[in-house]
Protein chains: 2
Amino acid sequence: MASATRDRIVEASSELLRKQGYMATGVKQIVAEASAPFGSIYHFFPGGKEQLGEEAIRHSGALYGQLLDLFFVPGADPVAATESFFAGAAATLRESGYADACPIATVALEISSSSEPMRRACAEVFESWIDAAAGSLAEAGIEPGRARTLAISMLCSLEGAFVLARALRSTEPVEVAGRTSAAAVREALPVRRAHHRAGRARG
Amino acid sequence: MASATRDRIVEASSELLRKQGYMATGVKQIVAEASAPFGSIYHFFPGGKEQLGEEAIRHSGALYGQLLDLFFVPGADPVAATESFFAGAAATLRESGYADACPIATVALEISSSSEPMRRACAEVFESWIDAAAGSLAEAGIEPGRARTLAISMLCSLEGAFVLARALRSTEPVEVAGRTSAAAVREALPVRRAHHRAGRARG
DNA sequence: GTCTATAATTTGATAGAC
DNA sequence: GTCTATCAAATTATAGAC
């Protein structure tokens, strides 16, 4: 049963958790932002703040996964997709005053050693992103094992760039990480056309 | 004036902030861990929790910077140094039950949009690490501008790998990031001896 | 400088009227 | 299901005895 109030609460939680993290976000702030009555929190989420946090993580994870799919469309150039994705992340960062980076990273670090349900949710979201990216890279002709390693490497670059960018108040790390990641994809891609420097023979 | 109590408080704060983050760490827990009287917090740190947090960040930053220097010693092979550093990070992660990763990343994300003094402290620590790594890479013969970009890229990989590793409860991201970073250093290094694949001519 | 008691506020969570 | 009043506990911070 879909409830509009319930949805608003999850969405408001997702946004607040992205900007502030889990510990800094109070349930009162959530209901205020969601224009929901206070009691609704415990009506819809009997597990309290922790259950709400878990659902918000999964919600954010699915949304960001859809954003990923928007760039890595089947058949498109994965190098260009990588460049565009990082450029978009940098723009979002700048436009939000360096508040909107990864929707779950802050929470992931905060609760990693204190909430097993939330930690598990974060892990599943990260895995889903890795699977999606690896799938796209494999579709572009990269051997599956290498595609997975490359996807992990790209996600590491992105997440780390977010940490540095928010602290430094600069998009430079995201731009550097984007160039590095795009180059890595280019290197891993099987050679299709001419004038390609390395020219490593490939089955 | 150096005070043993004051030092213990800063050290205890650094450890707790690394494992739990800023918001989850209470001043009572800090004094308990430091075996210090409660009043000492506000005697030594009139600025309260925020000032203490700032000092803890700078303390952790200096310590971790020394660790970096331990690997990237002048004259040594930066590729081996990179491999060793990431391997060490993975070991620390595993041995601590995935609690000890970057000493300031969690706090950096948490307070990025809420505490300017602490955000600035995190930024200065990150800059110092980048400068140190870039200096070592430049000493190894990499052109300064490229050395700086490479250092940023490596730090992004490391920080992102920490985020993933803690959530996934796996050192795989750190190992992947380590291999990627070591390879990037190898590529950027001027060719010295024979049997090197690429062989890009260099001044 | 050390240490305790306590203030002032905020937190997550619950009870119960409607 | 909605909404309000309120609880018990925990938080940072302060006052003041020693």
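Every heavy atom of this structure was used, including side-chain atoms; hydrogens, water molecules and symmetry mates were not. Naming convention: chains lettered A, B, ... in sequence-line order (proteins, then strands); numbering from 1 in each chain.
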When the distance from [atom1] of [X] to [atom2] of [N] is rounded to whole Å, what number comes out?
X        : N       : atom1 : atom2 : answer
Gln51(A) : dA13(C) : CD    : P     : 11 Å
His43(B) : dT2(C)  : NE2   : C1'   : 9 Å
Ile9(A)  : dA13(C) : CD1   : P     : 14 Å
Ile41(A) : dA13(C) : CD1   : C1'   : 11 Å

Q) Is there a side-chain contact between Glu33(B) and Glu15(B) (heavy atoms, below 4.5 Å)? A) no
Q | Side chains of Cys156(A) and Leu164(B) in contact at under 4.5 Å (non-hydrogen atoms) | A | yes
Q: Kindly say if Thr5(B) contacts the phosphate of dT2(C), meaning a side-chain N or O under 4.0 Å from OP1 or OP2.
A: yes
Q. Does Lys49(B) make a cation-pi contact with Tyr42(B), if we ask for NZ or CZ under 6.0 Å from the ring centre and within 45° of the axis?
A. no
Q | Check: Ser84(B) side chain, Ala80(B) main-chain N or O, donor-acceptor pair, under 3.5 Å | A | yes
Q: List the protein contact pattern of nucleotides 10-17 of chain D with one symbol per nucleotide (5' to 3'): B for base contact, S for sugar-phosphate-only contact, - for none; contact means a heavy-atom distance under 4.0 Å.
A: -BBBB---
Q.
Once you apply a heavy-atom cut-off of 4.0 Å, does Phe44(B) come out as touching a base, just sugar-phosphate, or nothing?
A. sugar-phosphate
(Q) Please list all pairs meeting side chain to side chain donor-acceptor pair (under 3.5 Å) that have one or both residues in residues 87-107 of chain A, counting only residues at least two apart or in different chains. (A) Lys19(A)-Asp100(A)
Q: Not counting sequence neighbours, list each pair that qualifies as a salt bridge (charged side-chain N to carboxylate O under 4.0 Å, His left out) and has a residue in residues 50-59 of chain A.
A: Arg6(A)-Glu55(A), Glu54(A)-Arg58(A), Arg58(A)-Glu124(A)
